[in-house]
Amino acid sequence: MKKALTELISDSIRRCVDKGLLRSRETPPLILESPKEKYHGDYATNIALVMTAREGKPPREVARIIVSQLEDEDGVIEKMEIGGPGFINFYLKEKVWYSVLEEIGRKGEDFGKGKIGEGRRVQVEFISANPTGPLHVGHGRGAAIGDALARILEACDYRVFKEYYINDVGSQMNILGQSVFLRYLHALGKEVEFPDYCYQGDYIAEIAEKAINERGEEYLHYPQEESIQSIASFGANDILRGIQGDLDQFGVHFDGWFSEKELYREEKVPRAIEDLKKKGLVYEKDGALWLKTSHYGDEKDRVLVKANGETTYFASDVAYHKDKLDRGFEVLINIWGADHHGYVPRMKATLMAMGKDEAVLKIVLVQLVSLMRDGKPVAMSTRAGEFTTLRNVVEEVGRDAARFFFLMRRPDSQLDFDLELAKRQSAENPVYYVQYAHARICSIFREALNKGIVLPRFKDIDLHLLNLPEELDLLKHLTAYPEVVEASAITLEPHRIPFYLMELSSLFHSYYNKYRVISSEVELTQARLLLVGAIKGIIKSALDVLGISAPEKM
RNA sequence: GCGCCUGUAGCUCAGCUGGACAGAGCAACGGACUUCUAAUCCGUAGGUUGCAGGUUCGAGUCCUGCCAGGCGCGCCA
């Protein structure tokens with residue numbers, strides 16, 4: 001609808017220019033919005049205000065000219081008004097809003113799906129937590145956002161690949177190996193000291209137990225270095241299985257798991273460096289090998305290979321991102337914890353060094369989560385081993401509530417996650433508010449079924465019976481759903497969908513309390529059933545895009 | 001010291017990427033269940049958008065400088 005109206009206005013402006021009424025050859029981008037106040041119409045544009053400087057005419061005059069040339073061939077406009085300083089307000093005919101019901105009926109679950117992706121291949125990389133311990137709540141937020149974004153992009157005709165990058169190389173693996181090895185020795189009755197830098201959580205001892213059960217005393221017989229390395233992979237594998245289990249329980253499923261170790265095994269790191277060297281972007285200084293990231297906006301150059309010959313973590317990342325491109329992804333989306341924000345410029349620079357546009361790599365920074373219980377912070381330091389895992393949180397508050405809470409806020413604002421609040425099954429908890437709207441509608445349909453009410457074919461229903469202001473308002477909101485999904489995809493902001501859902505649910509609950517859907521008037525009942533059925537469908541698909549269930553009974 | 005994010009009602013947050021009088025929910029107060037689920041609804045009250053400037057027809061939104069909170073600034077991963 002919005003698009004059609006935008007067309008009409010553009011046509012009108014073109015006509016004005018042709019007729020010499022206006023002189024702007026280039027029209028600024030046309031912005032059409034839904035005014036907050038109803039008496040400002042269904043849609044409004046500020047185009048006349050924007051054009052006023054170039055036209056040398058007062059804005060209301062420009063607006064008047066545009067309105068005079070507007071040809072509404074399909075007869076969708078009820079009236080147009082020039083408001084305030086020069087807004088053009090459009091009031092649409094009621095029939096326009098009815099068409100959304102037909103569209104929802106026709107498209108079913110595809111209603112809300114857009115085309116802006118044009119089939120482009122996009123990779124969404126998220127969580128990518130080191131396999132050195134279970135996932136904690138912070139990872140949960142990243143997981144919820146990454147998964148929801150993937151679903152949103154899919155709904156907009158992107159071909160999405162969800163990937164988890166496993167950081168299974170480097171010193172943290174070594175520390176994991178040492179930590180487990182020491183617990184292993186301890187469990188076998190040896191005297192050991194457990195240093196501070198080792199991972200402290202109970203899960204380390206549990207892995208050591210498993211190692212004993214599965215491998216016995218095998219690790220005692222190798223040289224210590226070898227044992228540590230080997231027990232590190234044993235531990236990493238075990239932890240990774242745990243992470244997969246946690247994610248499974250949270251309803252997140254990846255299309256691919258990419259191992260850093262594989263990058264080295266396939267020599268992709270040296271090859272990536274070689275590639276950049278050929279472009280003259282790599283140089284040697286102080287015995288180390290550097291990438292000229294500063295040529296692409298980074299504050300300084302970065303080391304790829306240290307003076308001691310070891311490659312850096314950054315080098316792996318360079319190779320990994322090259323691999324992403326080699327696999328044919330056109331857009332790369334990385335969901336990162338905000339503590340990694342300092343790496344954004346160097347990663348963007350890397351992509352540019354590989355000859356890509358900066359916009360190919362989009363990085364969503366997710367701010368930290370503070371876990372609260374009744375307003376008091378819950379400690380969660382990994383080191384001390386007293387952290388709260390994602391698993392614990394999901395078990396305590398449930399998958400749906402956890403997801404909704406993670407998705408409710410803008411990624412770049414810090415999140416206080418209150419466990420007690422998330423558990424409460426009351427108005428304070430918006431998850432239930434939305435789900436309840438869905439369940440209520442399902443209940444209406446059960447009642448209709450009981451009473452033997454049948455929905456006739458769409459064209460046999462008299463939609464003009466839906467003429468209450470509340471009904472038109474609901475229809476307008478339904479119409480806006482595809483725009484919300486699209487905006488969400490463009491801005492990479494999933495929180496718009498929970499907010500949309502809360503608004504829609506609120507309108508429905510009001511309507512439900514004020515009027516009856518099922519009444520003795522058969523035709524009215526049928527029309528209203530059609531309306532609430534459409535609402536139900538949209539709540540369902542919006543929840544779906546968030547990875548949240550839509551229960552039929554509560 | 002430098003950089004990134006945040007600052008909006010008592011609390012938790014929206015604000016459609018510059019629009020009309022700044023919006024919800026919670027908490028507070030007062031009402032609504034013989035009728036499709038009261039996990040709901042209706043009403044009342046609540047504001048100098050951190051502060052000070054600037055840009056323009058118009059600023060919560062953009063720019064500059066402060067203030068406050070969070071997070072980063074390794075040849076660590």
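A quick note: this is a predicted structure, and the numbers were derived from the prediction, not measured.
In this entry the distance linking OH of A:Tyr343 with C1' of B:C5 reads 17 Å, nearest Å. Atom P of nucleotide B:C36 and atom CG of A:Leu449 are separated by 17 Å, given to the nearest angstrom. Following rounding to the nearest Å, A:Glu420 (CD) and B:A27 (P) show an atom-to-atom distance of 16 Å. In this structure, A:Asn513 places its CG atom 10 Å from P of B:U40, rounding to the nearest Å. What separates CZ of A:Arg346 from P of B:G74 is a distance of 8 Å, to the nearest Å.
As rounded to the nearest Å, B:C62 and B:G7 have P atoms that lie 10 Å from one another. B:U35 and B:A24 have their P atoms separated by 30 Å, with the value rounded to a whole Å.
Using cut-offs of 30° and 60° for the angle between ring planes, the A:Tyr283 and A:Trp290 rings count as parallel.
Residue side chain A:Phe499 fails the stacking definition with respect to B:A14, as its ring centre and the base's six-membered ring centre are not both under 5.5 angstrom apart and under 30 degrees in plane angle. Residue ring and nucleobase are stacked for A:His40 and B:A20, with a centre distance beneath 5.5 angstrom and an angle between planes beneath 30°.
Taking only side-chain nitrogens and oxygens, A:Arg440 never comes nearer than 4.0 Å to OP1 or OP2 of B:A39. Dashed line: the shortest gap from a side-chain N or O of A:Tyr436 to OP1 or OP2 of B:A39 is under 4.0 Å. A close approach under 4.0 Å does occur between a side-chain nitrogen or oxygen of A:His495 and OP1 or OP2 of B:G15. Between A:Lys306 and B:C76 there is a side-chain N or O to OP1 or OP2 distance below 4.0 Å.
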Once Watson-Crick and G-U wobble pairs under 3.5 Å are found, how is RNA chain B written in dot-bracket notation, 5' to 3', with | for any base paired to another strand? (((((((..((((.....[...)))).(((((.......))))).....(((((..]....))))))))))))....
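Checking A:Glu299 against A:Tyr43, the closest nucleotide of RNA chain B that is more toward the 5' end is the one next to A:Tyr43. Mapping A:Lys514 and A:Gly83 onto RNA chain B via the closest heavy atom, the residue that lands nearer the 5' end is A:Gly83.
Within 4.0 Å of A:Asn46, counting heavy atoms only, lies at least one base atom of the nucleic acid. Within the 4.0 angstrom heavy-atom criterion, only backbone atoms of the sugar-phosphate kind lie near A:Arg410; the bases stay farther away.
Figure legend: A:Lys536 and A:Phe445 shown as a cation-pi pair, the cationic atom lying under 6.0 angstrom from the six-membered ring centre and within 45 degrees of its axis.
In this structure, B:U48 shows a glycosidic angle more than 90 degrees from zero, which is the anti conformation.
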